[in-house]
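Reviewing the structure listed below.
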Protein chains: 2
Amino acid sequence: MVSSHRLPSRARRPPRRGDRGQVPETRRERLLAAAADEFAARGFDGAKVDRIAARARVNKALIYYYFRSKAALYREVLLDVFRTVAGAVAAVRDVGGPPDVQLGGFVQAVADHTVRQPRFPNIWLREMAEGGRHVDESILMELRKVLETLGAILQEGKRAGAFVDANPFVTQMAIVAPLLLFSATAPVRERFKKLAPAHFSAIPRSVVVDHVRTATLAALAVPSPSSTRRPASRSRGESQ
Amino acid sequence: MVSSHRLPSRARRPPRRGDRGQVPETRRERLLAAAADEFAARGFDGAKVDRIAARARVNKALIYYYFRSKAALYREVLLDVFRTVAGAVAAVRDVGGPPDVQLGGFVQAVADHTVRQPRFPNIWLREMAEGGRHVDESILMELRKVLETLGAILQEGKRAGAFVDANPFVTQMAIVAPLLLFSATAPVRERFKKLAPAHFSAIPRSVVVDHVRTATLAALAVPSPSSTRRPASRSRGESQ
DNA sequence: GTCTATATTTTGATAGAC
DNA sequence: GTCTATCAAAATATAGAC
């Protein structure tokens, strides 16, 4: 046994994708997934490079080889997350249908996505609380796509006389924010389920989705002229 | 001037509050305020003890004297923030009035509070994204008070036949989440105002408040029997 | 109560062998 | 491409003088 067992120069297969079995992720992919987990769970500052490497079962130095820094890795994760969301909601437009159904589909798409990509709510919430410190233009573009999808639905609804005029950004926030927070609060609700009445802890996601859809559609509904509803009493105390 | 200028044992006035001028905060108070700023801006892990001390213009060691650790200081801030919110919304109940006005008042109270205590949205969002890691029972109690205030309003409305049955937690999230996110996103919207259409960047807070109130009231409204509105078409794709 | 060191650990990052 | 070893800079926390 001389040096015959010494592998020529490298045993690892080069970028050869094709024999894609089950979990034959590249190390780069493993790192991205592990990073998404860490960043979602701990935030940018709370996330530790060592922990990401450990989770990915890869050496720390590889992070700096593939990505340039912790911050760059984070931006990659951010972009990936938002790209996926943008894609998910865009699909709703392709399905088509009447505006109110499309809007329901939009709500459902976001909600479904919080299940399919559980890191997404925390990462979005955190990045916003962070003031969007790490949001660069490429990431912003993806966020805009989400907004444009909703904007198109709203405009179609308005053209059809089904919706009143509404600000897309505001509408989007009223839809997305509760869904994000619902996912994010799952751990606390679980932790304190002993202390809280049953209907505070065991809430099916569908109840939230229903509420958000109903509320949004109702807010967009064109008031029927025969309506007896008073015009939303303005209260004192206007803010800035 | 021998040693006559040497103060007996301490010059700093003890807990003597009363000559409360303008900014005669104790060092402890300065620390709490500075900590709230830091934690809101950077999160628990991102916040640095040195920076908090610097902001408060006091020595770092004082933090460990007054509070026991960074975590304990953070919990103090959390408790303070939530206690203040709970108090603000509770006031709405005292004012009274018909249920829909009270609910409008609740929305307005939360919105007003995001202005009066600008750290509140970020701190809340972050702590939730954190999975409520630092939420202990005392803090939970304050959160419950907020929920109980809303719950009482909803129940009163239901009794009066003005509201349909609704889950208080879900309703609360649909109200609070958009308001929090609106405040939190201010920096990003400002930063990218050049790239985004006008109505995405310059949104008055009142528009958000109006949307949230309108949507919530509409979702709670008892459907008039003569209504032609179809029962919120259920879309496929139910989530877990 | 308040400050000056300073100990101790953790962490992001890199050099260089294989 | 991947790993070992290691540095240098933070960052939390404390001891102890005043």
Side-chain angles (χ1 to χ4, degrees), chain A residues 2-17 19 24-35 38-39 41-77 133-134, chain B residues 2-17 24-35 37-39 41-77 133-134:
Chain A
V2 204
S3 62
S4 63
H5 70 290
R6 204 187 148 280
L7 302 172
S9 174
R10 222 62 268 286
R12 38 169 166 46
R13 47 170 156 65
R16 297 246 175 70
R17 279 15 269 315
D19 56 305
E25 300 167 297
T26 68
R27 280 162 142 82
R28 191 175 192 281
E29 287 165 339
R30 289 224 303 270
L31 274 172
L32 270 176
E38 256 285 295
F39 287 130
R42 318 250 190 171
F44 178 74
D45 291 298
K48 299 305 165 196
V49 179
D50 294 84
R51 214 149 36 198
I52 292 174
R55 259 193 223 232
R57 302 189 317 281
V58 157
N59 190 278
K60 196 191 0 177
L62 268 194
I63 290 178
Y64 297 92
Y65 172 75
Y66 282 120
F67 315 92
R68 238 180 45 82
S69 64
K70 181 186 177 183
L73 170 58
Y74 177 68
R75 279 194 299 270
E76 201 101 337
V77 169
R133 238 201 309 166
H134 299 89
Chain B
V2 203
S3 63
S4 63
H5 71 290
R6 201 189 150 277
L7 304 171
S9 173
R10 221 62 273 283
R12 33 165 169 53
R13 46 171 155 65
R16 296 247 175 69
R17 276 20 265 314
E25 300 166 297
T26 68
R27 283 163 140 82
R28 191 174 191 284
E29 286 165 339
R30 288 222 307 268
L31 274 173
L32 271 176
D37 283 344
E38 255 285 295
F39 286 130
R42 317 248 189 173
F44 178 74
D45 290 297
K48 299 308 165 195
V49 179
D50 295 86
R51 215 149 35 199
I52 293 173
R55 261 193 223 232
R57 303 189 316 282
V58 303
N59 189 276
K60 199 192 355 177
L62 268 194
I63 289 179
Y64 297 91
Y65 173 75
Y66 282 120
F67 314 93
R68 237 180 48 82
S69 63
K70 181 186 177 182
L73 169 58
Y74 177 68
R75 280 194 299 272
E76 201 100 337
V77 169
R133 237 199 310 165
H134 299 89

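Just so we're on the same page: letters track the sequence lines, and every chain starts at 1.
For A/Ala33, the side-chain contact (heavy atoms from CB on, under 4.5 Å) partners at least two apart in sequence or on another chain are A/Arg119. Shown here are the side-chain hydrogen bond (donor to acceptor under 3.5 Å, both in side chains) partners of B/Lys48, two or more places apart in sequence or in another chain: there are none. Applying the ring-ring contact (aromatic ring centres under 6.0 Å, His included) test to B/Phe67 and every residue at least two apart in sequence or in another chain returns nothing. Contacts of A/Arg51 classified as side-chain hydrogen bond (donor to acceptor under 3.5 Å, both in side chains), with partners at least two apart in sequence or in another chain: A/Glu38. Here B/Tyr66 pairs with nothing under the side-chain hydrogen bond (donor to acceptor under 3.5 Å, both in side chains) rule; sequence neighbours left out. Checked against side-chain contact (heavy atoms from CB on, under 4.5 Å), A/Ala71 has the following partners two or more places apart in sequence or in another chain: A/Phe44, A/Ser69, A/Arg75.
Residue pairs that meet the salt bridge (Lys or Arg N to Asp or Glu O under 4.0 Å) test with at least one member in residues 59-68 of chain B, sequence neighbours left out, are B/Asp50-B/Lys60.
Listed in residue order, the members of residues 41-50 of chain B having a heavy atom less than 4.0 Å from DNA chain D are B/Ala47, B/Lys48, B/Val49, B/Asp50. Annotation: proximity of residues 56-72 of chain A to DNA chain D (heavy atom, distance under 4.0 Å) is found for A/Asn59, A/Ala61, A/Leu62, A/Tyr65, A/Tyr66, numbered in ascending order.
Atom CG of B/Leu31 and atom C1' of D/dT12 are 15 Å apart (whole Å).
A donor-acceptor distance shorter than 3.5 angstrom exists from the side chain of A/Arg30 to the backbone of A/Arg57, with no hydrogens or angles considered.
Regarding contacts with the backbone of D/dG1, every side-chain N or O of A/Arg27 stays at 4.0 angstrom or more from both OP1 and OP2.
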